[in-house]
Amino acid sequence: MAKKAYAGLDFEGKENDPLYKRRHSLAHILAQAVQKVRPGTRLGFGPPVENGFYYDFHFAEPISDEDFGAIEKEMRKIINEKQPFERREMTAAEAVAMLNEQGENLKAEYCQDLASRGESLSFYRNGPFEDMCAGPHVEHTGQIPADCFQLDSLAGAYWRGDEKREQLTRIYGLAFDTKAELKEFVRLREEAKKYDHRKLGKELEIFMISDHVGPGLPLWMPNGTVLRDELENLAKEWEFADGYQRVATPHVTDGKLFETSGHLAHYKEGMFPAMVVDENREYYLKPMNCPFHHLIFGNRPRSYREMPIRLAEYGQVYRYEGSGSLAGLLRVRGMCMNDAHIYCTPEQLKDEFTKVLDLHKRYYEMFRLSHFWMRLSTHTPERLGDKYVNMPEDWIKSEAVIKGILDEIGIDYQIGEDEAAFYGPKVDFQVRNVVGREETASTNQLDFAVPARFNLTYVGTDGQEHVPYCIHRAPLGTHERFLAFLIEHFKGAFPTWMAPRQVVVVPVHVENFGDYAQKVAQELFKLGFRAEADLGSDSFNKKIRNAATSKTPNIFIVGEREQEQQEVTWRRYCVKEQQTVPLARALECLKQARSRRVMDNFADVEVLGLV
RNA sequence: GCCGUUUUAGCUCAGGGGUAGAGCAACUCACUCGUAAUGAGUAGGUCCGGGGUUCGAAUCCCCGAAGCGGCUCCA
């Protein structure tokens with residue numbers, strides 16, 4: 001069931017899909033229009049993509065999205081002209097000569113490469129425009145509805161994805177089957193902005209990023225810290241049950257540690273620069289926890305009898321991410337990993353790796369993340385000794401083991417060729433949440449190289465020393481990314497067990513029922529709930545509104561009847577109906593919801609039925 | 001890091017060469033209300049930072065920072 005990955009998109013077998021063809025043809029139409037509006041513009045690539053198409057251009061003069069109107073107008077004109085697409089083939093020499101004569105040096109270069117690989121070159125012409133292209137296309141431009149596309153955005157993009165090459169200007173366009181679908185896509189995208197974790201994180205006071213500290217270094221506010229703590233408690237419980245032991249290690253270290261591990265050789269530019277102190281020792285902020293765990297494992301001789309050894313840590317790490325790639329909590333420079341390293345024997349590898357993948361599934365199912373798939377990142381033999389450790393047999397063997405496990409588990413997976421870590425293959429989990437954000441939630445690696453560098457061994461049944469395998473695993477990835485993802489998935493409304501404020505008690509009238517409200521809040525507080533009575537001077541309606549806009553999962557309303565009967569009227573954030581129940585029962589239900597980690601932020605989940 | 005773009009009160013935003021405006025939030029007073037905004041008042045700004053042009057810059061120009069959309073990278 002392995003699929004070939006196409007840069008995050010799966011176009012396999014879609015070339016003949018009519019929408020794919022229209023998007024592809026629209027890219028050509030865009031290029032034709034741009035060259036009309038801006039003569040002398042050179043062409044890069046212009047493929048169809050998930051929601052439309054793009055084309056990369058090299059402009060003589062900078063362009064802005066204010067030019068979109070003119071370009072779109074030209075595109076619609078081309079569509080009106082019903083230009084037929086005509087395919088022709090050329091020899092490489094002819095094509096290169098023609099492209100060079102046209103001044104299309106980028107295309108000519110690519111053409112050269114294809115020709116040297118002996119590939120045949122096809123060209124598509126429509127109207128005055130011709131582009132080297134594998135096709136297929138619509139028969140004529142009139143087959144594209146003029147109201148089903150729009151130009152979307154402008155972006156920089158390197159020629160052939162290489163940052164050392166020319167920076168081109170990419171124009172993105174959206175295109176769908178119908179105008180309604182286009183409008184719906186734009187609407188949903190706007191809607192999703194309301195749930196962006198950066199917006200909700202600010203509104204709900206979850207985290208802040210201050211320029212006084214620096215970009216990519218989030219400060220977790222009280223509400224956000226509750227979320228982290230709850231997540232951490234969950235992980236601790238599950239890891240305890242799975243036989244993990246917790247460890248804690250420093251944020252800085254002598255750089256020799258990362259020389260030994262190989263990280264300094266492979267990822268130095270991704271680390272904060274060294275601090276030189278005492279006797280010119282170079283200290284680094286740690287970008288990874290593994291070498292520390294390796295030292296703990298290697299602290300004394302180990303026997304096969306105590307394997308596997310599973311060392312877990314919520315470890316804070318620091319990576320110098322490029323300034324342009326920072327994004328809210330999704331890409332930061334200081335982050336806390338749900339990290340662990342499992343040291344095991346070759347015989348235990350399959351079992352341990354399977355358990356790790358199963359743990360992922362448990363988390364995703366629990367958080368109702370139903371759209372996830374795996375990506376197996378493998379090595380390429382040509383880059384052994386350079387990007388990858390030169391241990392060809394271990395690569396082949398371990399990739400086969402992991403493939404076997406993935407096929408057995410039966411979750412969809414893609415192969416990411418040439419994307420492994422330097423010390424072994426990776427298995428990433430890719431997740432999509434309810435607002436459509438797609439992220440790598442966690443990356444897990446098999447490591448058959450670094451333990452040996454730390455001289456890690458265990459004594460086997462044969463009395464000989466063996467080097468253990470190491471599984472790096474982080475099912476919740478980092479606090480930062482995972483919570484960013486959850487904030488959006490939950491649209492800011494957390495289940496009772498996680499919610500920063502779990503219950504707010506609202507009296508109908510403060511003077512008359514304020515004392516009872518306070519008593520209810522006290523009861524909740526005694527049970528360890530994060531609860532509060534709203535005794536302020538706002539109107540009753542305003543208090544309900546405040547409780548709702550703060551996305552507090554439970555509102556307890558108390559008035560005359562509730563006070564007399566020792567009841568509360570329970571209104572859940574996500575549910576329209578409310579119910580009046582005895583206080584004792586409400587407390588018991590909440591306790592259950594908390595201890596069972598019920599996902600009561602979803603409307604279909606019942607809470608009152610828990611007792 | 002690269003390309004494009006944005007930055008005005010705690011928040012969301014309007015304005016624009018003659019030294020700033022709204023709503024919400026905050027604070028004060030009155031109101032005490034049965035299911036999503038009670039009313040009145042008060043206070044609040046180095047218009048991102050630095051330089052330049054100008055009689056005068058928040059507004060125009062240059063440099064920088066940060067945010068956003070992409071690209072590159074992502075142990």
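Numbers restart at 1 for each chain; the letters A, B, ... are given by sequence-line order, proteins then strands.
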*asked:* Show me the pairs that pass salt bridge (Lys or Arg N to Asp or Glu O under 4.0 Å) and involve residues 54-71 of chain A, at least two apart or across chains.
replied: A/Arg38-A/Asp67, A/Asp56-A/Arg170
*Taking only residues two or more places apart in sequence or in another chain, which ones pass salt bridge (Lys or Arg N to Asp or Glu O under 4.0 Å) with A/Arg432?*
A/Glu50, A/Glu438
_Walk along nucleotides 69-75 of chain B from 5' to 3' and tag each nucleotide B, S or - by protein heavy-atom contact under 4.0 Å, base first, then sugar-phosphate._
BBBBBBB
_Pair A/Lys542 + A/Asp534: basic N to acidic O under 4.0 Å_ = no
*Under the side-chain hydrogen bond (donor to acceptor under 3.5 Å, both in side chains) rule, collect the residues that match up with A/Ser550, sequence neighbours excluded.*
A/Arg501, A/Thr552
*asked:* Taking side-chain contact (heavy atoms from CB on, under 4.5 Å) as the definition, give me every residue that meets it alongside A/Asn390, ordered by chain and number, with sequence neighbours left out.
replied: A/Leu384, A/Pro392
*Kindly write out the residues that satisfy ring pair (Phe, Tyr, Trp, His ring centres under 6.0 Å) with A/Phe53, not counting sequence neighbours, or none if the list is empty.*
none
*asked:* Mind checking if A/Gly328 touches a base, just sugar-phosphate, or nothing, with heavy atoms under 4.0 Å?
replied: sugar-phosphate
*Of all of residues 499-506 of chain A, which get a heavy atom below 4.0 angstrom from RNA chain B, listed by number?*
none
_With A/His293 via side-chain hydrogen bond (donor to acceptor under 3.5 Å, both in side chains) - residues at least two apart_ = A/Glu313, A/His341
*For RNA chain B, produce a single dot-bracket line, 5' to 3'. Pairs: Watson-Crick or G-U wobble, both distances under 3.5 Å. Symbols: ( ) within strand, [ ] crossing, | other strand, . unpaired.*
(((((((..((((....[..)))).(((((.......))))).....(((((..]....))))))))))))....
*asked:* Generate the contact string for nucleotides 5-14 of chain B. Rules: B means base contact, S means sugar-phosphate contact only, - means no protein heavy atom under 4.0 Å.
replied: ------SS--
*Set of residues satisfying side-chain contact (heavy atoms from CB on, under 4.5 Å) with respect to A/Thr253, sequence neighbours excluded*: A/Leu257, A/Phe258, A/Phe292
Would you list the atom pairs, donor with acceptor, under 3.5 Å between side chains in residues 198-210 of chain A and any protein atom, with sequence neighbours excluded?
residue: A/Arg198; atom: NE; partner: A/Asp196; partner atom: OD1; Å: 2.9
residue: A/Arg198; atom: NE; partner: A/Asp196; partner atom: OD2; Å: 3.4
residue: A/Arg198; atom: NH2; partner: A/Asp196; partner atom: OD2; Å: 2.7
residue: A/Lys199; atom: NZ; partner: A/Glu203; partner atom: OE2; Å: 3.1
residue: A/Ser210; atom: OG; partner: A/His212; partner atom: N; Å: 2.9

